[in-house]
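Remember, it's a predicted structure, so these values are computed and weren't measured experimentally. Proteins come first, then strands; the chains are lettered A, B, ... in the order of their sequence lines, and each starts at number 1.
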There are 4 protein chains.
Amino acid sequence: MPGPAPSRRNERSRRAILTVALDLLTETGYSDLTVEAIAARAGVGKQTIYRWWRGKGAVILDALVDAAGDIALPDTGDLGADLRAVVRGTVAEFADPRLSATTRALTIETLADDELADQVRDRLLRPQLDAVRLRLRAGQRAGQVRGDVDLDQVIELLFGPVYHRWLLRTGPLTDAYADGVVELAMAAIAP
Amino acid sequence: MPGPAPSRRNERSRRAILTVALDLLTETGYSDLTVEAIAARAGVGKQTIYRWWRGKGAVILDALVDAAGDIALPDTGDLGADLRAVVRGTVAEFADPRLSATTRALTIETLADDELADQVRDRLLRPQLDAVRLRLRAGQRAGQVRGDVDLDQVIELLFGPVYHRWLLRTGPLTDAYADGVVELAMAAIAP
Amino acid sequence: MPGPAPSRRNERSRRAILTVALDLLTETGYSDLTVEAIAARAGVGKQTIYRWWRGKGAVILDALVDAAGDIALPDTGDLGADLRAVVRGTVAEFADPRLSATTRALTIETLADDELADQVRDRLLRPQLDAVRLRLRAGQRAGQVRGDVDLDQVIELLFGPVYHRWLLRTGPLTDAYADGVVELAMAAIAP
Amino acid sequence: MPGPAPSRRNERSRRAILTVALDLLTETGYSDLTVEAIAARAGVGKQTIYRWWRGKGAVILDALVDAAGDIALPDTGDLGADLRAVVRGTVAEFADPRLSATTRALTIETLADDELADQVRDRLLRPQLDAVRLRLRAGQRAGQVRGDVDLDQVIELLFGPVYHRWLLRTGPLTDAYADGVVELAMAAIAP
DNA sequence: ATCTAATCGAGACGGTACGTCGGGTCTTCGG
DNA sequence: CCGAAGACCCGACGTACCGTCTCGATTAGAT
């Protein structure tokens, strides 16, 4: 039983490109992230990038998907505590200039490319959000969440404010802020 | 007591530039919005744009600030109804491809230019959010909102989910959705 | 008695490459004659071309050498008539857009590659010119050509003008023109 | 009475481009003559080249036209001597590797671009050939040239062999060779 | 009612990056 | 074990815009 079509793709080049893309982003920011710069630093021809990706946006996405480990939320039984942990994580990510640069770049690309936007949602974010929904469903079964609330809406209730604050720079992104968001959300979904 | 420095600025050109910027955005999208295109269509030299704006981002911002009328939330006494109205408005704006194109473009520019981001927040969004906060404060005084909640957080609770869904394309942007968001938020802040 | 080193070269591929090269030249001209195009159309890997030729110039040369039959000038006894025949032939070749395309391509390659230039001279042109020299020598023996003229110079006197006119596009390439050239040349070498 | 439309073209850039083009040709040869290299060395944007020229071929042509001084053949009364002088000049030009590199490059471009070919003929060569024709006509009037010969054909008789030998590398390009060519041609046109 | 200097439309300029093409080399895999 | 297939690195192509910089030609304020 043969595996998938044996691609002749050069794995060394693929890794180099993804690594360099993230390096450039954290080092010099989005404005210096050009396909030419990636190719040059990775010791790769531009065509090798265009052969496998639609543009730098797709490269960043792949880099992040590659980097993102499996994310499973803990279930300590204390729903509030578990949510605080995950929201704190997201807030920290947005607060870190290094990590934030990546998100910023990907968001820009996403806003200008619908197809990329769909892939970012499906391949990068869906797994993370699904993990949260799983934890929420457990909480719902445990009676800590009203039975009639739409869990997807709860997810947006938890992360929407964080995105809002990050995008609009309307306030600090701290643990305390994360806790406040969770507290309000918990109030909204408590039975 | 003299007024501000009497500018020799050509008002006709200024109007043309702002109008053309929005036209191009809704007609052909962000990728075709270049300073050269604006100048050409507006019958204006490029220098006239760079003389008065830092770049196309600043032009869009000015165009939107110009277009945005005074926004004062109604106070019907029914806080939920009033919030539904405003959130429905925002959702409708994001759902409309034409209007959304403008927001999309400005968001891209914002993500790549910190100074512009600050101006967008202060000149474009703050007034809108302030109007909401005003209405919330009235509700708080009327005992419809718990006294200990941070109103800025409530605002994020209302609009964050909308931004989240718009940015990540995780679901439809409809009136029903707006109502759902408000309902959850109201549950979170009810005394 | 064994023949030459038994090459493992694929004759079918060799023929296909040479044929395709000439086809492409007459169909789409020099600018579309790329090694990649030849390989693709011939159903051959690029390496197979580079393995056996230095580049597309060498391919064209081989194709022409392959195509060029043995050329022996007739000797009707009338030197003028015989020369008219051969010069008319050359002029016709240059006048034909199809055949001319090949010459044009080979000339370009020749001008940029000294080694190729030598091979073109020795393998493609020398035999043709030698045939003319042979005829001239016969004429010289018959007393139709002055004994002191350098026959190589006469050859240039016959074909130089044709090349000149072809290269510089300074006039039509017709039989009448060919005859005129021969007439002048005959006047130059008549005893 | 106004002059021609006042072009805003930058003369300094124009000169730099033409100079650099010839420099590169004589220094490193045709294969290193790229539009990018010219632009870089001339301290000029590529667009400035493409704005005013169709490609590097047109640049070389302009450079040569610029460099070519007015060429008027001397008329010493001795037609043979005068022709020897001019043919020797052409032969020397072809023999000089430096100057020949320029001709080689322009010829390549010419063979691949019909429009350029016409311009080379009209702007660069015609003046030179016309000068020769003028001298020939004077000789004709003086009875040194048969009245029935086509002077354009005589010109080809003089220069054709030189081009032939240069292009095909069939022999040395020396003064003696030039003299031989003229001698033969003189024999062909003598009354 | 001039003067005069900022502003205007226009667009050339030096640059950077784009996305594509082809060159010549190297690797994989099927016949 | 050759050859088709084609990925690879590289360099140049010609184009699109960037933001700056002249150019006259208005043009509006101060004189």
Report summary line: From CD1 of C:I38 across to P of E:dG24 the rounded distance in Å is 11 Å

Query raised in the report: How far apart are the C-alpha atoms of D:E27 and D:D32, what are their side-chain angles, what is the distance that settles it, and do they pass the side chain to side chain contact (heavy atoms under 4.5 Å, CB included) test?
Result: CA-CA 9 Å; D:E27 283 173 27; D:D32 283 0; over 6 Å; no

Report task. Return the residues of residues 26-36 of chain B meeting this criterion: a heavy atom under 4.0 Å from some atom of DNA chain F. Order them by number, or give none. Result -> B:T34, B:V35, B:E36

Query raised in the report: Hey, does the Lys NZ or Arg CZ of B:R9 hover above the aromatic six-ring of B:W53, less than 6.0 Å from the centre and inside 45° of the axis?
Result: yes

Query raised in the report: Should we say atom CZ of D:R123 is surrounded by more than 12 heavy atoms from elsewhere, each under 6.0 Å from it?
Result: yes

Report task. Please determine if a side-chain N or O atom of C:W53 lies less than 4.0 Å away from the OP1 or OP2 oxygen of E:dG24. Result -> no

**Report entry** First of D:G55 and A:V44 reached from the 5' end of DNA chain F, by closest nucleotide
**Finding:** A:V44

Report task. Taking the side chain as every heavy atom from C-beta outward, state whether A:V44 and A:V20 have any pair of such atoms under 4.5 Å apart. Result -> no

Requested in this report: Would you mind checking if D:R14 and D:D62 are paired as a salt bridge, meaning a charged N to carboxylate O distance below 4.0 Å?
Outcome: no

Report task. Rounded off to whole Å, could you give me the CD1-to-C1' distance for the A:I49 and E:dC18 pair? Result -> 12 Å

**Report entry** Contact check, side chains of D:L106 and D:L124, non-hydrogen atoms, under 4.5 Å
**Finding:** yes

Query raised in the report: Of B:R54 and A:G45, whose nearest nucleotide on DNA chain F comes first from the 5' end?
Result: A:G45

Query raised in the report: What's the CG-P distance between B:N10 and F:dA28, to the nearest Å?
Result: 8 Å

Query raised in the report: Which whole-number value in Å describes the distance from D:W52 CH2 to E:dG11 P?
Result: 11 Å

Query raised in the report: How far does CD of A:Q119 sit from CG of A:L61, to the nearest 0.5 angstrom?
Result: 6.0 Å

**Report entry** Nucleotide nearest D:K56 when distance is taken to its side chain, options F:dC13, E:dT20, E:dT25
**Finding:** F:dC13

Report summary line: Between B:A42 and C:Q47, the residue closer to the 5' end of DNA chain E by nearest nucleotide is B:A42

Query raised in the report: Any side-chain N or O of D:T48 less than 4.0 Å from the OP1 or OP2 oxygen of E:dG14?
Result: yes

Query raised in the report: Which of the following nucleotides, E:dT7, F:dT15, E:dG11, is nearest to the side chain of B:K46?
Result: E:dG11

Query raised in the report: To the nearest angstrom, how far is C:I17 atom CD1 from F:dA4 atom C1'?
Result: 11 Å

Query raised in the report: What integer distance in Å separates B:R12:CZ from E:dT7:C1'?
Result: 14 Å

Query raised in the report: Whole Å only: how far is the CZ atom of A:R9 from the C1' atom of E:dT27?
Result: 17 Å

**Report entry** Any side-chain heavy-atom pair of A:I17 and A:I38 under 4.5 Å
**Finding:** yes

Report task. Kindly indicate whether the side chain of D:E109, heavy atoms from C-beta on, has any atom under 4.5 Å from the side chain of D:V120. Result -> no

Requested in this report: Taking only the side-chain nitrogens and oxygens of D:S13, find out if one of them lies under 4.0 Å from OP1 or OP2 of E:dG14.
Outcome: yes

Query raised in the report: Are A:D118 and A:R121 side-chain neighbours, meaning at least one heavy-atom pair lies under 4.5 Å?
Result: yes

Query - Along DNA chain E (nearest heavy atom to each residue), the more 5'-positioned of A:A37 and D:A39 - result: D:A39

Heteroatom pairs (N/O) under 3.5 angstrom, protein to nucleotides 1-5 of chain E:
none

Requested in this report: Find the distance B:E11:CD to E:dC8:P and express it as a whole number of Å.
Outcome: 11 Å

